[in-house]
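Everything below concerns the one structure shown next.
Just so we're on the same page: letters track the sequence lines, and every chain starts at 1.
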There are 2 protein chains.
Amino acid sequence: MSCRREKEGSEWEGRFRGCGYRWTLSRQAIIEALSSTSDHMSAEEVYNAVQKKHSSIGLATVYRTLEILVGMAVVLSFDFGDKRARYELAERFSKKDHHHHLVCNDCGKVVEYTEFIGDEIELLNKTEKGLSKKYNFKIDNHVIQFYGLCKKCQ
Amino acid sequence: MSCRREKEGSEWEGRFRGCGYRWTLSRQAIIEALSSTSDHMSAEEVYNAVQKKHSSIGLATVYRTLEILVGMAVVLSFDFGDKRARYELAERFSKKDHHHHLVCNDCGKVVEYTEFIGDEIELLNKTEKGLSKKYNFKIDNHVIQFYGLCKKCQ
DNA sequence: ATTGATAATGAGAATCAATATCAATAAGGA
DNA sequence: TCCTTATTGATATTGATTCTCATTATCAAT
Ligand SMILES: [Mn+2]
Ligand SMILES: [Mn+2]
Ligand SMILES: [Zn+2]
Ligand SMILES: [Zn+2]
């Protein structure tokens, strides 16, 4: 398992260095934190998680690293209506499947659903193609989210 | 046409009073500002627009009124990735048809498209129904947006 | 292992949209 | 007109995010 760790480590390391970034303790710790939860953490939550093992890592570094990770498409950033960005490993780096989100406007509960994803993806691809052609956009991203009230809050 | 104005005025007035709100000059001016543009204005832009005719109206009032209007589902609030909320009259109060948005990540250009809306709406309705049942959510809102680079920026 | 160029970092200040406070004002029912 | 109270403007405050800058860590070349 130490072997497994190292291997995973070097994959991440390779990814960073491949983009011209250095492989630092802070970045390891932040990746670690993101990998070991299924939550959609805010920057501050990532900071708190990271602090437990590495109390010297600063909040600014967390923000900076998250920005890099989003730029590398390793991490996805979401707006769920509370006034802070929320982050999650992109599906290809996590155990989760491609999913979209259903958010309670009242308590903030977030449901990840995969049930209707198939049709959604298909439609999105078709729409993307149409929009790209008609409006000359190079599309690289989409957002679909539903908002409402969860059982408890309605 | 003065007749027409008054009639429109009283419709808005009725809508406000029907919700227990008073019908004030500030609110008239803000509605007016929102009605007379097809832009997606930020709160500050609404404030600037309103200032031209009514220089006494304050920014806080603009924020408060927009909040009310969003609550009344008269105005829609969007996040286009610049760090400010953007507002637009809901389609039933504007000349625009139901549309979604395509946003340039670089220059912020926003395209309103209606081409593929039909299929999208259909899928959204189906998905909403499925999600409502499965997760016991009362869904009242959705977001679909595409992000990319416009011709100029790619 | 040592060095040197420079990327990365932590602490704290700065930014800036949005919200809260509060005394003064205006809306509208009686 | 009078009274109650919602609304308002000015201003302070909040809170997430970004910036600054002196210090430190990374890593390729010795
Ligand atoms: Mn998720
Ligand atoms: Mn629009
Ligand atoms: Zn809820
Ligand atoms: Zn552009």
Side-chain angles (χ1 to χ4, degrees), chain A residues 9-10 12-33 40-72 75 77-87 108, chain B residues 9-10 12-33 40-72 75 77-87 108:
Chain A
S10 66
W12 283 113
E13 179 174 353
R15 229 182 306 273
F16 269 80
R17 306 181 75 142
C19 294
Y21 296 115
R22 292 178 180 177
W23 182 235
T24 69
L25 179 66
S26 309
R27 287 167 184 174
Q28 291 174 48
I30 290 166
I31 294 275
E32 170 74 25
H40 307 89
M41 288 194 283
S42 67
E44 199 177 2
E45 287 168 350
V46 173
Y47 171 71
N48 290 331
V50 148
Q51 281 279 308
K52 290 176 188 162
K53 293 207 169 188
H54 307 278
S55 63
S56 73
I57 294 176
L59 180 58
T61 296
V62 172
Y63 273 104
R64 284 184 289 233
T65 303
L66 287 170
E67 187 183 16
I68 287 174
L69 289 169
V70 170
M72 291 165 66
V75 163
S77 167
F78 292 100
D79 168 22
F80 292 148
D82 57 350
K83 322 239 151 187
R84 53 191 26 153
R86 302 226 156 241
Y87 301 90
Chain B
S10 66
W12 282 112
E13 180 173 355
R15 229 181 306 273
F16 269 80
R17 305 181 75 141
C19 296
Y21 296 115
R22 293 179 179 175
W23 181 236
T24 70
L25 181 65
S26 310
R27 286 165 184 176
Q28 292 174 47
I30 289 165
I31 294 275
E32 169 75 25
H40 307 89
M41 286 196 284
S42 66
E44 197 177 3
E45 286 168 351
V46 173
Y47 170 71
N48 290 332
V50 148
Q51 281 279 306
K52 289 177 186 162
K53 291 207 168 185
H54 307 277
S55 62
S56 73
I57 294 176
L59 180 58
T61 296
V62 172
Y63 273 105
R64 284 184 289 235
T65 303
L66 287 171
E67 187 183 16
I68 288 174
L69 289 168
V70 170
M72 293 166 64
V75 163
S77 168
F78 292 100
D79 168 21
F80 292 148
D82 58 351
K83 322 244 151 183
R84 54 200 9 149
R86 303 227 155 240
Y87 301 91

Item checked: Residue mapping more 5' on DNA chain C - nearest nucleotide basis, A:Val62 or B:Arg22 -> A:Val62
Checklist line | Check: A:Tyr87 ring centre within less than 6.0 Å of A:His40 ring centre | finding: no
Note to self: When the axes are fitted on five pairs at both termini, how much does the helix from C:dA1-D:dT30 to C:dA30-D:dT1 curve, in 10° steps?
What the structure shows: 40°
Margin query: Between B:Arg27 (side chain only) and B:Arg22 (backbone N and O only), is there a donor and an acceptor less than 3.5 Å apart?
Written below: yes
Item checked: 4.5 Å side-chain heavy-atom contact, A:Ile31 and A:Phe16 -> yes
Notebook entry, point to check: Listed by chain and number, what are the side-chain contact (heavy atoms from CB on, under 4.5 Å) partners of A:Ala29, not counting sequence neighbours?
Noted result: A:Val50, A:His54, A:Ile57
Checklist line | Closest nucleotide among C:dG10, D:dT8, C:dT9 to the A:Ser56 side chain | finding: C:dG10
Notebook entry, point to check: Is B:Arg27 near enough to D:dT8 that one of its side-chain N or O atoms lies under 4.0 angstrom from OP1 or OP2?
Noted result: yes
Next item on the list: Let me know, please, whether B:Ser55 or B:Tyr21 comes out on the 5' side of the other along DNA chain D by nearest nucleotide.
Entry: B:Tyr21
Notebook entry, point to check: Expressed in angstrom and rounded to an integer, what is the separation of B:Gln28 atom CD from C:dA26 atom P?
Noted result: 15 Å
Next item on the list: Find the distance between CG (B:Asp79) and NZ (A:Lys83) and round it off to the nearest 0.5 Å.
Entry: 10.5 Å
Notebook entry, point to check: Taking C-beta and beyond as the side chain, do B:Trp23 and B:Trp12 meet within less than 4.5 Å on heavy atoms?
Noted result: yes
Next item on the list: Quick one: list whatever passes salt bridge (charged side-chain N to carboxylate O under 4.0 Å, His left out) with B:Arg17, sequence neighbours left out.
Entry: B:Glu13
Next item on the list: Figure out the NE2/C1' separation between A:His54 and C:dG10, and round it to whole Å.
Entry: 16 Å
Next item on the list: Check the pair B:Arg15, B:Tyr21 against side-chain contact (heavy atoms from CB on, under 4.5 Å), reporting the backbone distance first and the verdict last.
Entry: CA-CA 9 Å; B:Arg15 229 181 306 273; B:Tyr21 296 115; over 6 Å; no
Next item on the list: Please report, rounded to the nearest Å, how far the C1' atom of D:dT18 is from the CG atom of B:Asp82.
Entry: 16 Å
Checklist line | Interatomic distance, A:Ile57 CD1 vs C:dT9 C1' [rounded to whole Å] | finding: 10 Å
Next item on the list: Provide the closest heavy-atom pair for A:Ser77 versus A:Val70 in the form atom of the first, atom of the second, distance.
Entry: CB-CG2, 4.2 Å
Next item on the list: May I ask you to decide if B:Thr61's main-chain N or O and B:Thr65's side chain share a donor-acceptor pair within less than 3.5 Å?
Entry: yes
Margin query: Just to verify, what does B:Ser42 make a side-chain contact (heavy atoms from CB on, under 4.5 Å) with, not counting sequence neighbours?
Written below: B:Glu44, B:Glu45, B:Arg84, B:Arg86
Checklist line | Contact state string [nucleotides 14-25 of chain C, B base, S sugar-phosphate only, - no protein heavy atom under 4.0 Å] | finding: ---SBBBB----
Next item on the list: May I have the distance from A:Tyr47 (atom OH) to D:dG15 (atom P), rounded to whole angstrom?
Entry: 17 Å
Next item on the list: Please determine, for the side chain of A:Thr24, which listed nucleotide (D:dT8, D:dT26, C:dA27) has the closest atom?
Entry: D:dT26
Can you give me the N/O atom pairs linking the protein to nucleotides 28-30 of chain D at distances under 3.5 Å, or say none if there are none?
| residue | atom | partner | partner atom | Å |
| --- | --- | --- | --- | --- |
| D:dA28 | OP1 | A:Arg17 | NH2 | 2.7 |

